[in-house]
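Contents: one structure, followed by commentary.
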Amino acid sequence: MGFKEEIARRRTFGIVSHPDAGKTTLTEKLLLFGGAIHVAGAVKSNKIKKTATSDFMEIERQRGISVATSVMGFEYEGVKINILDTPGHQDFAEDTFRVLTACDSVIIVIDSAKGVEAQTRRLMEVCRMRRTPVIVFMNKLDRPGMDAFDLLDEVERELKIGVTPLSWPIGNGDQFKGIYNIHRENLQLYSASIQTITEGVEIGDIAGRELDERVGERAAGKLREDLELIREVYPGLEREEYLAGRVAPVFFGSALNNFGIREMLDCFVEIAPSPLPRETEERMVYPDEEKFTGFVFKIHANMDPNHRDRIAFVKVCSGRFLRNTNYYHVGLGKTLKFSTPTAFMASKKSIIDEAYPGDIVGLHDTGNFKIGDTLTEGEKLHFKGIPSFSPELFKYIENADPMKSKQLAKGIDQLMDEGVAQLFVNQFNGRKIIGTVGALQFEVIEYRLLHEYGAACRWEPINLYKACWIEAQDAAELEDFKLHKAQYMAKDKWGRDVFLAESQYMLQMAQGNYKGLTFHFTSEF
Ligand code: G4P
């Protein structure tokens, strides 16, 4: 197969959801369809259970699982599918955002009883920012849930995206009878099967009597009415609208029962984008360029505390990645060669000789990489679209063991490279501030510093509202601001200026007094 064909047949995407909506179950069923696994239960959930807040063994166990499930590659009808796993726990939302930077499209799973939930809304904001094409899967139709039209309205309103239903449910809960495939114009009658893939009974013509006989006259009448309304209200699928991130195709089903998934998967392989061109600060990079480029979107520390090595996950953006070949690490300005690059097929890790745009390669790393780093064949490129977001919680980190200050500094540095949390160094007093999305991360950092680096830390409270990256029209105004707010100025890991606002009020004051400055809650604008 030629280089261009290899690119065209790749689909790299992430499945996201609010915890418990069914992301893990759906992932597993997709792998079943792809023949990558043969029984349900093979993919372990990597979610950290709510009770596990202080159960570190559980966190460690989960970290192990999430290495294995970081990327799940499989073949389906000639298409190479790469599913990128995203952490479900909301305290790790930042990790999820970063994984999204490596996805060419996204499937959002929504619990049809609960509708759009908080985490889904936040994830969608990130997709919208990047104009990522989105497909919605309404899950758990076997349970009593919201009306299907209400669900569509809610998605439009809450996720601020147009919708086009491509399948449609007949009832829900114990009245759930089946799914009409609008895309293919046939009907699948519901039969529950958790373990394997079943073929539902198909009915071709829904105008005929067979439908009434199968699902009852009332349900049949309702389906015909619904479909008429759908045709009037919702536009048919226009791929361009989907690819531009303006309209989301919507499917209904039950992941647990393997129902409604094939419809989505078939449509997905047909419409989802193959690897897209990517922006760098210097120029656009196209997947079919001859030379290899890629960027690191995730770093995973290995489980063995005696070896501080890590796996850096690289998304191939252009060209062919080859084993044992010299590549240029733009951040370090040096050349590196990788003898054991790994890929993940059918949830098994194996050493590979080559990889194509869209693929994810795991590189053994002894501390060379941080999130966002670029590899090329020599060109100095910096990929865009891997922003940091303002953390929600902040604490000073202090050394609790003066004999171990070097270990602590190294540990903090490496954990921040991994993207566990963000480090800000206050320029006024030189103190280190750690910012996180959730409280759990502070515990993870403390635990890992101790167990992997032998360093002890202490947290001290600091009252902060947000970290803001500053955009200035006028350099003099920025200098004036930095002088006046010296106490609140910090540098992030990349050496960028960050204003640490104590409160919303203080931020508003700053915005009022410095009209030429714009304060952003993300590092890219
Ligand atoms: P997540 O990764 O999004 O957090 O969700 P996950 O797939 O773990 O699913 C959350 C719960 O919802 C699981 O039950 C799962 O079995 C259930 N579930 C997923 N899809 C469906 C569906 O279509 N119908 C029904 N009725 N339930 C579904 P659990 O009891 O929390 O976990 P488990 O003990 O079954 O693993």
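Read the numbers this way: they start at 1 and go in the same order the structure lists the ligands and their atoms. In this text, all values refer to a predicted model and were calculated from it rather than measured experimentally.
At a 3.5 angstrom cut-off on N or O pairs, G22 counts as close to ligand 1. Residue L141 has no N or O atom closer than 3.5 Å to an N or O atom of ligand 1. The shortest N/O to N/O separation between T24 and ligand 1 falls below 3.5 Å.
When each of I107, N139, L31 is paired with L26, the side-chain contact (heavy atoms from CB on, under 4.5 Å) condition holds for I107 and for no other.
The distance from ligand 1 to the heavy atoms of P19 drops below 4.0 Å at these ligand atoms: 4 (O). Close approach of ligand 1 to K23 is summarised as follows: ligand atoms under 4.0 Å from at least one heavy atom of the residue are 1 (P), 2 (O), 3 (O), 5 (O), 7 (O). Close contacts between ligand 1 and D20 involve ligand atoms 1 (P), 3 (O), 4 (O), 5 (O), 10 (C), 12 (O) [criterion: under 4.0 Å to a heavy atom]. Heavy-atom contacts of S17 reach the following atoms of ligand 1: 3 (O) (cutoff under 4.0 Å). Close contacts of ligand 1 with S254, meaning ligand atoms under 4.0 Å from a residue heavy atom, involve 22 (C), 23 (O), 24 (N).
For residues 141-167, the set of pairs meeting the salt bridge (Lys or Arg N to Asp or Glu O under 4.0 Å) definition, not counting sequence neighbours, comprises R121-E158.
Y180 and N186 form no side-chain donor-acceptor contact under 3.5 Å, judged by distance and modelled atom types alone.
Taken from CD in E225 to CD1 in I230, the straight-line distance is 11.5 Å, to the nearest 0.5 Å. Atom CG of residue L229 and atom CZ of residue R231 lie 11.0 Å apart, to the nearest 0.5 angstrom.
Between the choices T25, I15, I261, the shortest heavy-atom distance to atom 9 (O) of ligand 1 belongs to T25.
With a heavy-atom cut-off of 4.0 Å, N139 touches ligand 1 through its side chain alone.
Between F389 and W469, the gap from one ring centroid to the other reaches at least 6.0 Å.
Classification of the F442-W459 ring pair by plane angle, with boundaries at 30° and 60°, yields perpendicular.
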